[in-house]
Amino acid sequence: MRFIKRDWNDKPAILTKQSTLDALTTLVSLPETTIKDSIYRGTYKNEQNLTKSSVIDKLNIYYHHKCAYCETLSTPEVEHYRPKRSVEEETSHRGYYWLSYEWSNLLPACHDCNKRGSKGTRFPINGDRVFMPPFNENGTIDFSKFKVDTEVLLNERPYLLHPEIDNPTKFLSFERDYKNDGIAICGIDIEGERGNKTIEICQLNREPLKIARGKLIDNIVLTINLCLKMLDLGEIGNIKKGLIELFKIEKEKSIDITQEHILFRTLIITNEEIFEQIILSKLELSQQSIVSEAFKAYKNGDL
Ligand SMILES: [Zn+2]
């Protein structure tokens, strides 16, 4: 998961239509009304007569075709951050039906993160659960309180991180998973344990994700080894220069937001502790000190 800046006013046309507003008004007054997936998906047929989603089209602009939770390239589904029809942790809850068509409540998620057994209808909180839509004093719907960063919704204190509100770097880090030589994601916030809970809700340590992160590391380690081998006969200053160039290339890759696992790539190349724990520990002892020195020099901007 990485932090995303999405313009909550830049809504797909379907969500601003009068007919959507009418459907929402009906839904709020009669919660048992069917929630229309044709609205929250913005279903349409393209030139090849294939069914497409204008909501996913718009989300893809901000998320670059990646899942909001696991950062894997996928054909995303429209995920309701606050579930629309029921809440697994609160059996008497009817779901946040009034947020079914709320742009800031819609995220792109891959099937594996979104399915039952993963996120599904889960939404555990540590605060006061909201059961009803917000109304004005005169009894009309208060649409101004639908956004996910509205005070009453934030007061629910959700465990699940929202990639447009909560900066994942404050909650998530990575460590070696020695069981399968992959890389596990782990929570680092102490008080709320929102990091670990998010990992558990979305199953972010499922095997294919750990292995995919591990492969990224294997490639970096392989390049470091090649670099050391090629420069073996050279003098030590040149070896360091070569390694620094290599780290610069990795840094470039980590800011290419169209790539998968950007949070992981960024932390590897910017956080000394993570670099040491994950990259250095995979190198032979005799190589570790020169690579560590080169990484420190790269961090300090020395050439
Ligand atoms: Zn996912």
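Just follow the structure's listing: the first ligand is 1, and inside any ligand the first atom is 1.
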Check: Salt-bridged, Lys253 to Glu250, with N to O below 4.0 Å?
Finding: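 Yes, Lys253 and Glu250 are salt-bridged.
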
Next item on the list: Inspect the contact between Arg194 and Asp189 and indicate whether a charged nitrogen and a carboxylate oxygen are less than 4.0 angstrom apart.
Entry: no

Next item on the list: Would you give the angle at the Zn ion (ligand 1) between Cys110 atom SG and Cys70 atom SG, to the nearest 10°?
Entry: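 Value, to the nearest 10 degrees: 110°.
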
Notebook entry, point to check: Would you say Cys113 has an N, O or S atom lying under 2.8 Å from the Zn ion (ligand 1)?
Noted result: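 An N, O or S atom of Cys113 is closer than 2.8 Å to the Zn ion (ligand 1), so yes.
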
Next item on the list: Check whether any N, O or S atom of Cys67, backbone or side chain, sits closer than 2.8 Å to the Zn ion (ligand 1).
Entry: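 Here the distance criterion (N, O or S atom, under 2.8 Å) is met by Cys67, so yes.
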
Check: By salt bridge (charged side-chain N to carboxylate O under 4.0 Å, His left out), which residues pair with Lys66, not counting sequence neighbours?
Finding: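 Scan of Lys66 (salt bridge (charged side-chain N to carboxylate O under 4.0 Å, His left out), adjacent residues dropped) gives Glu71.
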
Note to self: Less than 6.0 angstrom separating the ring centers of Tyr81 and Phe123, yes or no?
What the structure shows: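 Yes, the ring of Tyr81 comes within the 6.0 Å limit of the ring of Phe123, centre to centre.
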
